[in-house]
Asker: 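Let me begin by handing over the structure; questions about it come next.
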Amino acid sequence: VKPELKLFELASGRTVWSWSEGEAMILALAFSPDGRLVAAASDDQQARLFSAADGALTKTLSGHEDAVTAVVFLPDQKRLATAGAEGAIKLWELSSGNCLLTIPAHQDQISWLAASRTWLVSTSWDRSAAIWPLPADLSSAGALGLLRELQAETGLSLEGFELKRTKGPSEPEAGGR
């Protein structure tokens, strides 16, 4: 059976749109705060963004080393956080699809993410939970400031933190709906 993502109209039960491509299993979903986008985490190391209105695939975000296990839109509607089975959290800029920051957050698979305006919360199969401060500015300077803040507040080593701008998202594949 091929994995499929479907959006239903609740009142009638009618299928509004569906998407099925490849063999990737969808592990988690999230709606953007304005309801315009749907993010899907999958076991092929990618997260995908879809138009909630028609199911059009708008971006594919690649960069995790293992399955993407959780997704959450930040309330600013400009960023998305993804979490992976490798224990890393990635923050993405929605407009460009660039990865802004990678945090090696846990020793095992991340099972859940939640976001507020100023905080990101994660839980893991390593039986830990973490609360991460989110600066408004996640440019290179802002991200470095976040890492320095984390180091000062927690004594956490910056070794292993990866801060880089990656290339943009891959183009949507033809026939993806």
Side-chain angles (χ1 to χ4, degrees), residues 1-10 12-74 77-115 120-130 132 160 162 164-177:
V1 175
K2 195 171 192 172
E4 187 172 18
L5 174 61
K6 290 184 177 186
L7 181 70
F8 293 95
E9 183 179 82
L10 195 55
S12 68
R14 141 185 110 76
T15 301
V16 177
W17 56 262
S18 65
W19 180 88
S20 178
E21 187 173 303
E23 299 299 319
M25 184 185 323
I26 297 163
L27 302 176
L29 296 168
F31 273 96
S32 62
D34 64 5
R36 292 182 182 182
L37 293 173
V38 176
S42 60
D43 69 352
D44 64 355
Q45 303 175 351
Q46 298 179 337
R48 292 173 178 82
L49 297 174
F50 299 91
S51 163
D54 62 8
L57 178 62
T58 61
K59 285 192 176 58
T60 300
L61 307 173
S62 301
H64 279 279
E65 296 173 12
D66 206 334
V68 180
T69 57
V71 290
V72 66
F73 286 92
L74 276 61
Q77 302 189 110
K78 296 178 183 177
R79 298 173 286 172
L80 176 79
T82 59
E86 77 278 10
I89 296 172
K90 291 186 176 283
L91 294 177
W92 305 87
E93 181 180 59
L94 291 176
S95 62
S96 68
N98 288 330
C99 181
L100 299 170
L101 180 67
T102 298
I103 303 169
H106 294 276
Q107 298 299 311
D108 203 344
Q109 176 173 319
I110 296 172
S111 54
W112 181 75
L113 286 174
L120 181 67
V121 179
S122 59
T123 61
S124 170
W125 286 14
D126 66 11
R127 301 171 68 142
S128 69
W132 308 93
E162 176 185 350
K164 66 179 183 180
R165 213 174 248 290
T166 58
K167 68 178 185 170
S170 61
E171 294 297 318
E173 301 165 45
R177 298 183 5 184

Asker: Counting N and O atoms only, with roles assigned by atom type, does the side chain of K78 sit under 3.5 Å from a partner on the main chain of S95, one being a donor and the other an acceptor?
Answerer: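 Side chain of K78 to backbone of S95: no pair is present.
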
Asker: Could you pull out the closest heavy-atom pair between P33 and L74, with the gap in Å?
Answerer: CG-O, 3.8 Å

Asker: Under the 3.5 angstrom rule, does the side chain of S124 hit a backbone N or O of D108 as a donor-acceptor pair?
Answerer: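 Yes.
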
Asker: Tell me the closest heavy-atom pair linking R48 and A24, and the distance in Å.
Answerer: NH1-CB, 4.4 Å

Asker: State, yes or no, whether a side-chain contact exists between I89 and L120 at a heavy-atom distance under 4.5 Å.
Answerer: yes

Asker: Does the side chain of W112 reach to within under 4.5 Å of the side chain of V72, using non-hydrogen atoms?
Answerer: no

Asker: From W17 CH2 over to L7 CG, what is the distance, rounded to the nearest 0.5 angstrom?
Answerer: 5.5 Å

Asker: Would you say R127 has more than 12 foreign heavy atoms packed within less than 6.0 Å of its CZ?
Answerer: no

Asker: Counting distance only, does the side-chain N/O of N98 pair as donor-acceptor with the main-chain N or O of L100 below 3.5 Å?
Answerer: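 No, the answer is negative, given that no donor and acceptor are paired below the 3.5 Å cut-off.
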
Asker: Just how far is it from atom OG of S42 to atom CG of L27, taken to the nearest 0.5 Å?
Answerer: 7.0 Å

Asker: If you measure from CZ on R79 to CG on L101, what distance do you get to the nearest 0.5 Å?
Answerer: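 Answer for the CZ-CG pair, R79 versus L101, is 10.0 Å.
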
Asker: Taking all atoms of both residues into account, what is the closest heavy-atom pair of T69 and A28, and its distance?
Answerer: O-CB, 3.5 Å

Asker: Do you know the tightest heavy-atom contact between V71 and A47?
Answerer: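 Shortest heavy-atom contact: CG1-CB, 4.4 Å.
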
Asker: Hey, is the main chain of D34 close enough, under 3.5 Å, to the side chain of Q77 for a donor-acceptor pair?
Answerer: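 Looks like yes, one N/O pair under 3.5 Å.
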
Asker: Hey, are the side chains of L29 and L5 touching, using non-hydrogen atoms and a 4.5 Å cut-off?
Answerer: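 Yes, at least one pair of side-chain atoms sits under 4.5 Å.
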
Asker: Any side-chain donor paired with an acceptor under 3.5 Å for K90 and T82?
Answerer: no

Asker: Looking at side-chain heavy atoms only, is the closest gap between F73 and L37 below 4.5 Å?
Answerer: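 Result yes, sub-4.5 Å side-chain heavy-atom pair found.
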
Asker: Where do T123 and I110 land on the side-chain contact (heavy atoms from CB on, under 4.5 Å) test, with the steps shown first?
Answerer: CA-CA 6 Å; T123 61; I110 296 172; 5.8 Å; no

Asker: Taking all non-hydrogen atoms of both residues, which atom of E86 and which atom of H64 are closest, and how far apart?
Answerer: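 Heavy atoms only, the tightest pair is OE2-ND1, 2.6 Å.
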
Asker: Run the side-chain contact (heavy atoms from CB on, under 4.5 Å) check on L49 and L94 step by step: do they pass?
Answerer: CA-CA 9 Å; L49 297 174; L94 291 176; 3.6 Å; yes

Asker: At what distance, to the nearest 0.5 angstrom, does OG1 of T60 lie from CD of Q46?
Answerer: 5.5 Å

Asker: Do the rings of W132 and H106 sit parallel, tilted or perpendicular, given the 30° and 60° boundaries?
Answerer: perpendicular

Asker: Roughly how far, to the nearest 0.5 Å, is CG of D44 from OG of S62?
Answerer: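 Answer for the OG-CG pair, S62 versus D44, is 7.5 Å.
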
Asker: Looking only at non-hydrogen atoms, find the nearest pair between S96 and K59 and report the distance.
Answerer: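 Taking S96 first and K59 second, the nearest heavy atoms are C-CE, 3.8 Å.
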
